[in-house]
Each structure stands twice: as C-alpha cells, then as structure tokens.
Amino acid sequence: KNLTDAQNTLEAKIIANVDTYLALNMPRAYRPPVMPKQAIQSLYQIATKENNLVSVELIKQLGVYPPGSLVKLTNDEVAVVVKRNPTNRLAPLVASVFKTGQGLYDVPIIRDTGLKKYTILYSVGENKN
C-alpha cells in the first residue's frame with residue numbers, strides 16, 4: 001500500500017532516504033557502485049524534484065564528501081574523508097594515505113582540506129571532466 005507523504009512518519013522518511021543512499025553505493029548486477037559524491041548528487045536531484053526536506057537534511061549531515069570517500073588533494077595525495085566539516089561541506093578532515101611518487105604512507109596523515117595546500121581536487125573514481 002502506498003502512503004501519502006503526510007502518512008509517512010519522519011522516521012520512515014529518514015530510513016527511506018538512507019536506504020536510497022546506501023543502495024546507490026552498493027554494486028548491482030547491472031552497474032558498479034556509485035561513488036559517495038555522486039550518490040549525494042542523486043539524492044539532491046530527487047530532493048529538489050520532490051521538495052524532500054528529509055533528503056536535504058541528510059545531504060547536509062553527510063556533506064558533499066561523505067566520510068569514507070576517497071579524494072585527491074592539491075598536494076598530490078590521495079586521502080580518505082574521516083570527518084565532515086559542519087561549517088564548510090567542501091572542506092572535510094581527511095587522512096592522507098598515499099602520495100604519487102612516494103607510495104603508501106606507513107601511517108595516515110590527518111589533513112585539513114580547508115587549507116589551500118590540501119584542497120580537494122576531486123573524488124577518486126569520479127569523472128573529472
């Protein structure tokens with residue numbers, strides 16, 4: 001049975017949005033997994049079309065680069081997003097794990113992507129065009 005928007009509880013809406021996000025991140029027989037940033041963009045498109053405030057809030061909480069995302073930095077490092085930045089969704093805290101020409105680091109190095117020398121260029125695996 002399909003419920004109207006008013007009949008769905010807030011909890012059900014939250015679970016549905018999280019489920020959509022996670023489903024996008026999982027591989028399917030017909031497609032590879034979607035990168036976290038692309039999944040956020042898909043949620044945003046849905047939220048805009050449906051005026052879905054729950055999706056908008058989920059996007060705010062996850063940030064543009066959700067924790068677990070692999071990103072390339074301006075200093076040529078590859079890093080894993082470890083913590084979102086509540087005041088700047090474009091500048092999360094990351095742990096650098098690899099640098100071109102040097103290889104893997106023995107221990108990840110925490111970087112503040114709000115600093116110009118550690119700015120995120122793109123999500124690893126996304127189309128950079």
Side-chain angles (χ1 to χ4, degrees):
K1 174 181 171 183
N2 290 334
L3 299 176
T4 66
D5 195 48
Q7 292 172 312
N8 278 318
T9 65
L10 177 60
E11 293 84 0
K13 291 176 186 176
I14 292 169
I15 290 169
N17 278 275
V18 170
D19 183 60
T20 299
Y21 173 76
L22 293 174
L24 288 168
N25 282 282
M26 299 299 295
R28 298 291 186 228
Y30 53 89
R31 66 157 174 81
V34 174
M35 300 304 293
K37 186 177 178 186
Q38 293 167 318
I40 290 291
Q41 290 170 339
S42 293
L43 274 183
Y44 180 76
Q45 290 171 346
I46 293 167
T48 304
K49 187 169 66 174
E50 298 177 359
N51 194 22
N52 185 333
L53 299 179
V54 174
S55 289
V56 171
E57 190 57 36
L58 177 62
I59 293 165
K60 286 180 185 177
Q61 293 305 313
L62 290 173
V64 175
Y65 300 101
S69 299
L70 283 177
V71 293
K72 179 80 170 207
L73 307 180
T74 53
N75 70 339
D76 219 18
E77 290 177 337
V78 174
V80 178
V81 175
V82 293
K83 185 176 180 185
R84 69 180 184 85
N85 181 339
T87 58
N88 183 351
R89 291 181 204 101
L90 297 175
L93 197 62
V94 300
S96 290
V97 294
F98 176 87
K99 184 164 186 171
T100 303
Q102 293 182 6
L104 285 172
Y105 293 145
D106 291 332
V107 177
I109 303 168
I110 302 300
R111 303 282 194 213
D112 177 356
T113 62
L115 301 174
K116 189 172 182 169
K117 63 183 174 178
Y118 303 126
T119 302
I120 294 174
L121 294 173
Y122 57 85
S123 291
V124 174
E126 80 178 3
N127 187 351
K128 298 175 289 234
N129 294 335

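Within 6.0 Å of atom OH in Y44, 12 or fewer heavy atoms from other residues, nucleotides or ligands are found, so the atom counts as exposed in its surroundings.
S69 places no side-chain N or O within donor-acceptor distance of the main-chain N or O of Y65, the cut-off being under 3.5 Å. Proximity of a side-chain donor or acceptor of D19 to a complementary backbone N or O of I15 within less than 3.5 Å is not detected. A distance-only check finds no donor-acceptor pair linking the side chain of T113 to the backbone of L93 [under 3.5 Å].
Grouped with L53 in a hydrophobic cluster is no other residue, since no side-chain heavy-atom contact under 4.5 Å to another Ile, Leu, Val, Met, Phe, Trp or Tyr is found.
Nearest approach of K99 to N75, heavy atoms of both residues: CE-O, 3.2 Å. The heavy-atom pair separating Y105 from F98 by the smallest distance is CD1-N, 3.9 Å.
Residues V18 and L24 do not share a hydrophobic cluster, clusters being chains of Ile/Leu/Val/Met/Phe/Trp/Tyr side chains in contact below 4.5 Å. One hydrophobic cluster, built from ILVMFWY side chains closer than 4.5 Å, cannot hold both V34 and I40; they sit in different ones. A single hydrophobic cluster is not seen to contain both M26 and Y21; linkage of ILVMFWY side chains at heavy-atom distances under 4.5 Å, directly or through other members, places them apart. Residues I14 and L22 are members of one and the same hydrophobic cluster, defined by side-chain heavy-atom contacts under 4.5 angstrom among Ile, Leu, Val, Met, Phe, Trp and Tyr. Placement of L73 and L90 within a single hydrophobic cluster is found when ILVMFWY residues are connected by side-chain heavy-atom separations under 4.5 Å, directly or transitively.
A salt bridge (charged side-chain N to carboxylate O under 4.0 Å, His left out) check over residues 102-123, counting only residues at least two apart or in different chains, returns the pairs E77-R111.
Put simply, the side chain of P27 does not reach to within 4.5 Å of the side chain of P32, judged on heavy atoms.
Remark: of the listed residues V71, V82, V81, V81 is the sole one forming a side chain to side chain contact (heavy atoms under 4.5 Å, CB included) with P92.
Here CG of D76 is found 3.5 Å from OG1 of T100. Values are rounded to the nearest 0.5 Å. With rounding to the nearest 0.5 angstrom, the NZ atom of K49 is 11.5 Å from the OG atom of S55. The CD1 atom of I59 sits 9.5 Å away from the OG atom of S42 when rounded to the nearest 0.5 Å.
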> Under the side chain to side chain contact (heavy atoms under 4.5 Å, CB included) criterion, do V94 and I110 qualify, and how do the steps go?
Replying inline: CA-CA 6 Å; V94 300; I110 302 300; over 6 Å; no
